[in-house]
J.: 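Dropping the structure in here first, questions after.
What you see is a predicted model, and the numbers here were worked out from it, not measured in a lab.
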Amino acid sequence: MITESLSVRVAGKYQAAEDVVGLELVDPAGGLLPEFSPGAHIDVHLPGGFIRQYSLLNDCLQRAHFLIGVLREPQSRGGSIAVHDQVQVGDLLRISPPRNRFPLVPAARSLLFAGGIGITPLLCMARRLLATGAAFDLHYSCRTRERAAFLDEIQGTALAAHARVHFDDEPQTALDARTVLAGAGADTHVYVCGPSGYIDFILGQARGAGVDEARLHFERFALDEDQRPAAPAEGDTAFQVRLASTGEVFDIPADETITSALDRQGVFIPVSCEEGICGTCLTGVREGIPDHRDTYLTDAEHAANDQFTPCCSRARTPMLVLDL
């Protein structure tokens, strides 16, 4: 579970595209912010008690500030609305140190595919690849030019020589992913971020082109309705959790998530996505076997059974002893 945080000041807020704002975050004392690597994100604590994850889009060597981009989500549960309507220049926010589940791997060539607001981690990657002289191409797909965030920072800089933009309402710009990926050599790594349908499409095209799984990298910001974990689900049963620090035992009903049941009984675990994709609620497991329902942990991490995401996962054993 992530508990460490630091204070930052909102030094700038600007319109990056239709329904997208950019935030510049700085150290209130004028110092350097923590180191990070391309693909990293931070947890941001927002007005209303929301915690949301946003990718860092500036060059990772620019530690005088962090830059993030936030899309106003039509189905927002409050986080994106808080950023757009409440956060103002001068505000102090709490953030987590950067962490990275979507790292850039050294390779002879990289292909970057961004859909919509998925441009944010890939823009950071593209900046680092450009700075190091690496071979790469960036493909950025969006519904319209007006909705393409940070487009000027791509087309108005040296990144333009490596970038191709694709818009739904401009058929002549259509992305031919099959052809692009057919040219991926054995030393090419593929990165994709954006809506789940876009990610699945690019991954499918890459696999069809013979790109092996070790060279496919992706990050989801949200799941489509049919991909969301059923928590609780039909057939789920009740179980118990014990806190390792105090020995207290709590009942988890069959029809309630662990985070909700514990919160109701006075034990708070920070949550954000509630879908098992962000890792905000990640909690250690001392004893028992979790029923993993997340997409955040790897298969190897699932097999270790020493941590899980209680926002959506449950238990395969009558009791779980949690590292709380």
Side-chain angles (χ1 to χ4, degrees), residues 6 8-27 32-44 46 52-73 79-80 83-84 87 89 93 95-105 110-132 134 136-142 145-160 162-165 191-195 198-199 217-222 278:
L6 58 146
V8 292
R9 178 173 59 84
V10 180
K13 181 179 182 180
Y14 59 99
Q15 202 71 31
E18 182 181 331
D19 288 334
V20 178
V21 295
L23 292 185
E24 179 186 11
L25 308 176
V26 301
D27 179 81
L32 295 178
L33 292 171
E35 295 181 355
F36 70 96
S37 55
H41 68 273
I42 54 174
D43 295 345
V44 182
L46 296 166
R52 295 294 182 264
Q53 293 71 43
Y54 300 111
S55 297
L56 297 172
L57 61 92
N58 52 295
D59 191 308
C60 59
L61 297 186
Q62 297 175 344
R63 293 173 52 208
H65 65 189
F66 285 165
L67 298 178
I68 61 174
V70 182
L71 171 69
R72 180 189 286 272
E73 296 282 359
S80 71
V83 173
H84 279 253
V87 172
V89 172
L93 301 175
I95 67 170
S96 72
R99 63 185 192 272
N100 200 339
R101 303 285 294 190
F102 187 41
L104 183 63
V105 178
S110 300
L111 285 175
L112 314 178
F113 293 90
I117 197 61
I119 187 61
T120 50
L122 297 183
L123 184 51
C124 180
M125 290 182 181
R127 285 172 163 152
R128 188 88 301 260
L129 291 167
L130 181 67
T132 58
F136 75 98
D137 291 298
L138 169 65
H139 290 270
Y140 182 17
S141 300
C142 211
R145 288 183 183 271
E146 292 72 25
R147 300 185 67 84
F150 311 107
L151 191 57
D152 289 346
E153 298 184 30
I154 297 171
Q155 294 188 319
T157 68
L159 288 173
H162 299 265
R164 304 291 182 273
V165 292
Y191 301 81
V192 56
C193 186
Y198 176 83
I199 292 174
H217 314 274
F218 62 94
E219 182 173 59
R220 299 183 190 274
F221 290 155
C278 75

J.: Is there any salt bridge (Lys or Arg N to Asp or Glu O under 4.0 Å) pair reaching into residues 111-124, and which pairs are they, with sequence neighbours excluded?
T.: none

J.: Answer whether the closest heavy-atom distance between the side chains of Leu129 and Leu112 falls below 4.5 Å.
T.: yes

J.: Among all residues two or more places apart in sequence or in another chain, which pass the side-chain contact (heavy atoms from CB on, under 4.5 Å) test with Glu35?
T.: Arg63

J.: So, taking the atom named SG in Cys124 and the one named CG in Leu67, what distance separates them when rounded to the nearest 0.5 Å?
T.: 9.5 Å

J.: Rounded to the nearest 0.5 Å, what's the gap from CZ on Phe218 to OH on Tyr198? Could you check?
T.: 14.0 Å

J.: Taking side-chain hydrogen bond (donor to acceptor under 3.5 Å, both in side chains) as the definition, give me every residue that meets it alongside Asp27, ordered by chain and number, with sequence neighbours left out.
T.: none

J.: Would you say Met125 and Ser110 make side-chain contact, with heavy atoms under 4.5 Å?
T.: no

J.: Taking the side chain as C-beta and beyond, is there a heavy-atom pair between Ile68 and Leu56 under 4.5 Å?
T.: yes

J.: Could you tell me which residues satisfy side-chain hydrogen bond (donor to acceptor under 3.5 Å, both in side chains) with Thr157, sequence neighbours excluded, listed by chain and number?
T.: none

J.: Please tell me if the side chains of Ser37 and Cys60 come closer than 4.5 Å, counting only heavy atoms from C-beta onward.
T.: no

J.: Supply the atom-to-atom distance Cys193 SG to Leu123 CG, rounded to the nearest 0.5 angstrom.
T.: 12.0 Å

J.: When you compare the side chain of Val20 with that of Arg147, does any pair of heavy atoms fall below 4.5 Å?
T.: no

J.: Locate the shortest heavy-atom distance separating Ile154 from Ala163; write the atom from each residue and the value.
T.: CG2-CB, 3.5 Å

J.: Among residues at least two apart in sequence or on other chains, which ones pass ring pair (Phe, Tyr, Trp, His ring centres under 6.0 Å) with Phe136?
T.: His162

J.: Within a strict 4.5 Å, meaning less than it, do heavy atoms of the Leu159 and Leu138 side chains meet?
T.: no

J.: Give every residue pair that meets the side-chain hydrogen bond (donor to acceptor under 3.5 Å, both in side chains) criterion with at least one member in residues 113-131, sequence neighbours excluded.
T.: Asp59-Arg128, Arg127-Glu153

J.: Sequence neighbours excluded, which residues qualify as side-chain hydrogen bond (donor to acceptor under 3.5 Å, both in side chains) partners of Arg9?
T.: none

J.: Please report the C-alpha distance between Val8 and Val26 in whole Å, then the side-chain angles of each, then the deciding distance to 0.1 Å, and finally whether the side-chain contact (heavy atoms from CB on, under 4.5 Å) criterion is met.
T.: CA-CA 5 Å; Val8 292; Val26 301; over 6 Å; no

J.: So, using side-chain contact (heavy atoms from CB on, under 4.5 Å) as the criterion, who are the partners of Pro103 when residues are at least two apart?
T.: Asn100

J.: State, yes or no, whether a side-chain contact exists between Val21 and Gln15 at a heavy-atom distance under 4.5 Å.
T.: yes

J.: Quick check against the 3.5 Å criterion: does His139 have a side-chain atom that pairs as donor or acceptor with the backbone of Leu111?
T.: no

J.: First locate atom CG of Leu71, then atom OH of Tyr54, and finally report the distance between them rounded to the nearest 0.5 Å.
T.: 9.5 Å

J.: Which atom names give the shortest non-hydrogen contact between Glu146 and Ala17, and what distance separates them?
T.: O-CB, 3.5 Å

J.: Hey, can you tell me if Tyr14 and Phe150 have their rings parallel, tilted or perpendicular (30° and 60° cut-offs)?
T.: perpendicular

J.: With sequence neighbours left out, what residues match Gln155 under side-chain contact (heavy atoms from CB on, under 4.5 Å)?
T.: Arg145, Leu151, Val165

J.: Quick one: CG on Leu104 to OG1 on Thr132, what's the gap to the nearest 0.5 Å?
T.: 8.0 Å

J.: By ring pair (Phe, Tyr, Trp, His ring centres under 6.0 Å), which residues pair with Phe36, not counting sequence neighbours?
T.: Phe66

J.: Please identify each residue that fulfils side-chain contact (heavy atoms from CB on, under 4.5 Å) with Val89, with sequence neighbours left out.
T.: Lys13

J.: What residues form a side-chain hydrogen bond (donor to acceptor under 3.5 Å, both in side chains) with Glu24, not counting sequence neighbours?
T.: His65

J.: Can you tell me how far OG of Ser96 sits from NE2 of His41, rounded to the nearest 0.5 angstrom?
T.: 6.5 Å

J.: What closest approach, in Å, do Gly69 and Leu57 show between heavy atoms, and which atom pair accounts for it?
T.: N-CD2, 3.6 Å

